[in-house]
Amino acid sequence: MRNEILKILRDKAPEPVSGEELARTLGITRTAIWKHIQVLKEEGYGIEAFTKKGYVLTSVPDKLLPSEIGDKLHTRFLGRHICYEESVVSSNEVLKKLAEQGAADGTVCVAEEQTGGKGRLRRGWFSPKGKGLWFSVLLKPSFLPQEAPKMTLLAAVAVVQAIREVCGVEAQIK
């Protein structure tokens with residue numbers, strides 16, 4: 001429901017949207033709208049309320065929230081399910097547990113920080129809060145496990161290309 005409220009506020013910004021209009025559009029009460037707005041504010045969204053006019057989205061948090069990621073994805077399955085955590089020992093470990101519980105192919109676990117992330121050969125991975133993109137992706141490929149290392153190279157090439165195209169930054173593979 002909060003994602004729907006955010007979408008409406010984004011679409012109408014900078015014009016206000018009345019609580020009554022939101023309630024009518026979403027089929028819930030104005031009180032429920034107010035409660036959802038309060039939660040969004042707690043998550044860091046800047047939402048101003050103007051008497052007799054409505055709500056205006058004024059800013060979004062600088063976080064990797066599912067509502068900020070999912071709406072901008074144009075993928076078939078990657079990121080259709082997003083697990084968000086403020087802090088985890090390892091996004092990979094969280095995703096392993098989700099996989100054991102039947103998480104879908106393409107599920108992404110995003111964290112603002114990892115306190116015990118590991119890279120190749122189990123080397124420690126420094127991933128401080130707000131200083132990078134810390135995530136893991138659950139893939140269920142149809143090829144044999146011994147062919148999995150190819151995925152690392154393919155993923156690295158795709159990330160470099162995306163950074164170059166979207167950000168205009170010259171990126172390279174280490």
Side-chain angles (χ1 to χ4, degrees), residues 1-11 22 25-29 32-33 35-45 57 60-163 165-166 171 173-174:
M1 189 60 57
R2 286 188 281 279
N3 285 343
E4 288 86 357
I5 292 170
L6 280 172
K7 181 173 180 0
I8 293 168
L9 292 177
R10 278 189 183 104
D11 290 346
L22 287 167
T25 301
L26 299 172
I28 60 176
T29 66
I33 293 293
K35 288 178 181 178
H36 285 297
I37 294 287
Q38 298 314 304
V39 172
L40 288 167
K41 286 181 175 183
E42 288 171 13
E43 289 178 353
Y45 287 92
L57 180 66
V60 297
D62 187 18
K63 292 184 175 183
L64 300 167
L65 297 171
S67 55
E68 294 302 310
I69 298 170
D71 290 346
K72 292 155 186 77
L73 290 178
H74 304 288
T75 63
R76 286 181 286 138
F77 69 98
L78 281 179
R80 291 291 149 219
H81 301 281
I82 300 173
C83 162
Y84 171 83
E85 302 288 341
E86 277 287 326
S87 180
V88 295
V89 173
S90 164
S91 60
N92 204 29
E93 292 301 318
V94 171
L95 207 52
K96 282 180 187 177
K97 288 178 185 167
L98 290 174
E100 289 169 0
Q101 297 167 7
D105 191 16
T107 297
V108 177
C109 178
V110 180
E112 295 296 327
E113 77 173 333
Q114 296 181 116
T115 58
K118 292 187 176 61
R120 286 180 0 117
L121 306 175
R122 304 197 54 78
R123 292 184 178 124
W125 188 265
F126 182 62
S127 41
K129 188 170 191 163
K131 299 293 182 187
L133 301 173
W134 318 123
F135 64 94
S136 296
V137 180
L138 174 62
L139 297 176
K140 299 178 180 181
S142 58
F143 53 76
L144 296 171
Q146 55 266 39
E147 296 176 16
K150 295 176 188 175
M151 286 298 294
T152 303
L153 182 57
L154 291 171
V157 169
V159 168
V160 165
Q161 287 178 340
I163 290 171
E165 289 175 23
V166 175
I173 300 170
K174 177 181 162 189

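Residues F126 and W134 approach most closely at O-CH2, 3.8 Å, considering heavy atoms. Between D105 and F77 the shortest heavy-atom distance is O-CD1, 3.5 Å. Closest of all the heavy-atom pairs between V88 and A111 is CG2-CB, 3.6 Å. When all heavy atoms are compared, the tightest approach of L73 to R80 is O-NH2, 3.3 Å. Contact record, T115 with V89: OG1-CA, 3.3 Å, taken as the closest heavy-atom pair. The two residues L138 and A99 have their closest heavy-atom pair at CD1-CB, 3.9 Å.
Taking OG from S127 and CG from L133, the interatomic distance works out to 11.5 Å, rounded to the nearest 0.5 Å. Distance check, rounded to the nearest 0.5 Å: CG of L95 to CD of E100 gives 10.5 Å. Of the inter-residue distances, the one linking L40 atom CG with L9 atom CG reads 8.0 Å to the nearest 0.5 angstrom.
The 12-atom threshold is exceeded at NZ of K41, counting heavy atoms of other residues, nucleotides or ligands nearer than 6.0 Å. More than 12 heavy atoms of other residues, nucleotides or ligands shown are found within 6.0 angstrom of NZ on K140. The number of heavy atoms from other shown groups lying within 6.0 Å of CG (D62) does not exceed 12.
With a 4.5 Å cut-off on side-chain heavy atoms, I37 and R2 do not count as touching. Side-chain atoms of C109 and F135, non-hydrogen and from C-beta on, never get closer than 4.5 Å to each other. Counting heavy atoms from C-beta outward, E85 and V110 have side chains that stay 4.5 Å or more apart. You'll find the side chain of I173 stays beyond 4.5 Å of the side chain of V159, heavy atoms only. When side chains are defined from C-beta on, I8 counts as touching L26, because their heavy atoms get closer than 4.5 Å. Y45 has its side chain within reach of L65: a pair of non-hydrogen atoms, C-beta onward, lies under 4.5 Å apart.
Salt bridge status for K72 with E68: present, with a side-chain N to carboxylate O gap under 4.0 Å. Ionic pairing of K131 and E113 is not present here: no N-O contact between side-chain nitrogen and carboxylate oxygen is shorter than 4.0 angstrom. A salt bridge does not link K63 with E43: none of the charged nitrogens is closer than 4.0 Å to a carboxylate oxygen.
Panel note: side chain N92, backbone S136; no donor-acceptor pair is recorded below 3.5 Å. Proximity of a side-chain donor or acceptor of E112 to a complementary backbone N or O of L64 within less than 3.5 Å is detected. Judged purely by atom type and a 3.5 angstrom limit, T107 uses its side chain to pair as donor or acceptor with the backbone of A104. A donor-acceptor distance shorter than 3.5 angstrom exists from the side chain of E4 to the backbone of M1, with no hydrogens or angles considered.
With no hydrogens or angles considered, a side-chain donor-acceptor pair links Q114 and S91 at under 3.5 Å.
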When you look at E93 and K96, which way does the salt bridge (Lys or Arg N to Asp or Glu O under 4.0 Å) test go after all the steps? CA-CA 5 Å; E93 292 301 318; K96 282 180 187 177; 3.4 Å; yes
Apply side chain to side chain contact (heavy atoms under 4.5 Å, CB included) to the pair T25 and L22, showing each step before the final yes or no. CA-CA 5 Å; T25 301; L22 287 167; 5.9 Å; no
Derivation of the side chain to side chain contact (heavy atoms under 4.5 Å, CB included) call for H81 and C83: CA-CA 7 Å; H81 301 281; C83 162; over 6 Å; no
